[in-house]
Amino acid sequence: MAPWKALPEHLDPQAGRLVDRLRRLKDATGLSFTALATRTSYSRSSWERYLNGRKLPPADAVTELAVLAGADPDRMLALHTLAAQTWTGPQPKDAATPGTSGAGPEPTEPEPEPEPEAVPEAAAAPAPAPAEPDAPAAVPPVLRGEPDGPAEPARARPARRALLAAGGALVVVAAVLAVVVTLVLPGRGAAGAGEEEHRRTATEEFAFKPDRTYDCDVHRFEGRLYAGHSDTQDALLQQISTTWEVVEAQCLLEHRGYRIVGIDGAYGPATERAVKRLQDKEGLVVDGIMGPHTWEALRR
């Protein structure tokens with residue numbers, strides 16, 4: 001393949017890293033620009049602008065190229081998010097166009113709204129017939145005071161009353177026992193609640209999604225701070241990391257007063273700067289990488 005052109009000088013390092021990675025993915029597919037336009041939703045001219053650094057590619061284009069090259073789409077979307085924060089060129093406005101011929105995205109006319117299908121007269125539900133006002137409504141025998149079935153023998157009534165009284169007594173005893181347990185064992189109840197609070201960590205697999213942010217449930221358990229997303233003490237995090245541990249670190253950094261752009265799970269420049277400020281304050285090595293010592297200082 002022909003060598004790539006030099007990237008524009010105005011591109012930020014994050015943007016340059018995204019374009020360089022996209023170029024390598026295209027080379028890995030072995031596809032030409034024309035073949036790439038045929039296999040994706042974007043035209044040849046659009047791909048030329050994206051891969052020459054003249055325009056920020058849309059997130060969908062990044063995902064499609066990553067899938068074609070067998071790369072991790074989430075990692076590429078994380079690079080795209082970091083590049084979009086510093087991109088100084090035109091923002092993406094190309095619409096995805098299936099099967100383009102290489103002349104660039106063409107404007108598409110809005111599809112007419114489908115007209116409602118006519119319902120055959122035979123299939124139409126008949127309107128409910130109005131109730132005749134003169135017809136008396138049927139009243140159950142029980143409401144009229146009449147017995148509904150054979151009369152209960154008189155000798156069975158005292159036994160039923162005794163059973164009902166015994167059931168009521170059991171309910172009262174159970175309620176009293178519940179109150180006693182709550183009053184006598186308050187410490188155990190509080191400890192159980194604390195353990196449940198600590199276990200409130202994310203259980204689903206993390207999948208980075210642009211423009212999505214997460215809530216923080218910051219609480220203290222056994223002298224340490226947790227935010228409800230991970231209980232790690234030693235996970236290594238640095239730029240381009242996208243995990244629940246990053247969400248946990250971002251929540252705790254915000255809670256400690258180290259402001260970042262947003263709780264999105266992507267370890268970008270803003271998160272790295274916040275970590276460096278924490279490391280500098282705590283007398284740690286200022287490298288912007290989350291490790292065991294930085295986690296220890298962050299959870300105090």
Cation over ring, K26 on F33, under 6.0 Å and within 45°? yes
Applying side chain to side chain donor-acceptor pair (under 3.5 Å), name anything that partners [X], two or more places apart in sequence or on another chain.
| X | result |
| --- | --- |
| T232 | none |
| D287 | Q279 |
| D74 | none |
| R299 | E248 |

Roughly how far, to the nearest 0.5 Å, is [atom2] of [Y] from [atom1] of [X]?
| X | Y | atom1 | atom2 | result |
| --- | --- | --- | --- | --- |
| D211 | T81 | CG | OG1 | 7.0 Å |
| E245 | F206 | CD | CZ | 9.5 Å |
| D60 | H80 | CG | NE2 | 9.0 Å |
| L278 | L284 | CG | CG | 7.0 Å |
| D264 | Y214 | CG | OH | 8.0 Å |

Charged N-O contact under 4.0 Å between E296 and R224: yes
Looking at R39 and E64, is any side-chain nitrogen of the basic one under 4.0 Å from a carboxylate oxygen of the acidic one? no
Without hydrogens or angle criteria, can the side chains of [X] and [Y] be said to hold a donor-acceptor pair below 3.5 Å?
| X | Y | value |
| --- | --- | --- |
| Q238 | E272 | no |
| Q250 | T271 | yes |
| D27 | W4 | yes |

Run S45 and S43 through side-chain hydrogen bond (donor to acceptor under 3.5 Å, both in side chains) and show every step you take. CA-CA 5 Å; S45 58; S43 67; 3.2 Å; yes
Considering only Ile, Leu, Val, Met, Phe, Trp and Tyr, and joining two whenever side-chain heavy atoms are under 4.5 Å apart, list the other residues clustered with L236. I289
Do D231 and Y226 have side chains that get closer than 4.5 Å, going by heavy atoms? yes
State yes or no: do V67 and M76 share one hydrophobic cluster built from I, L, V, M, F, W and Y residues joined by side-chain heavy-atom distances below 4.5 Å, directly or via other members? no
Determine whether V62 and L31 fall in the same hydrophobic cluster, where Ile, Leu, Val, Met, Phe, Trp and Tyr are linked whenever their side-chain heavy atoms lie under 4.5 Å apart. yes
Would a distance-only check, ignoring hydrogens and angles, find a side-chain to backbone donor-acceptor pair under 3.5 Å from R277 to R259? yes
Hey, can you tell me if W47 and Y50 have their rings parallel, tilted or perpendicular (30° and 60° cut-offs)? perpendicular
Kindly state each residue pair satisfying disulfide bond (SG atoms under 2.5 Å apart) with at least one member in residues 220-300, sequence neighbours excluded. C216-C251
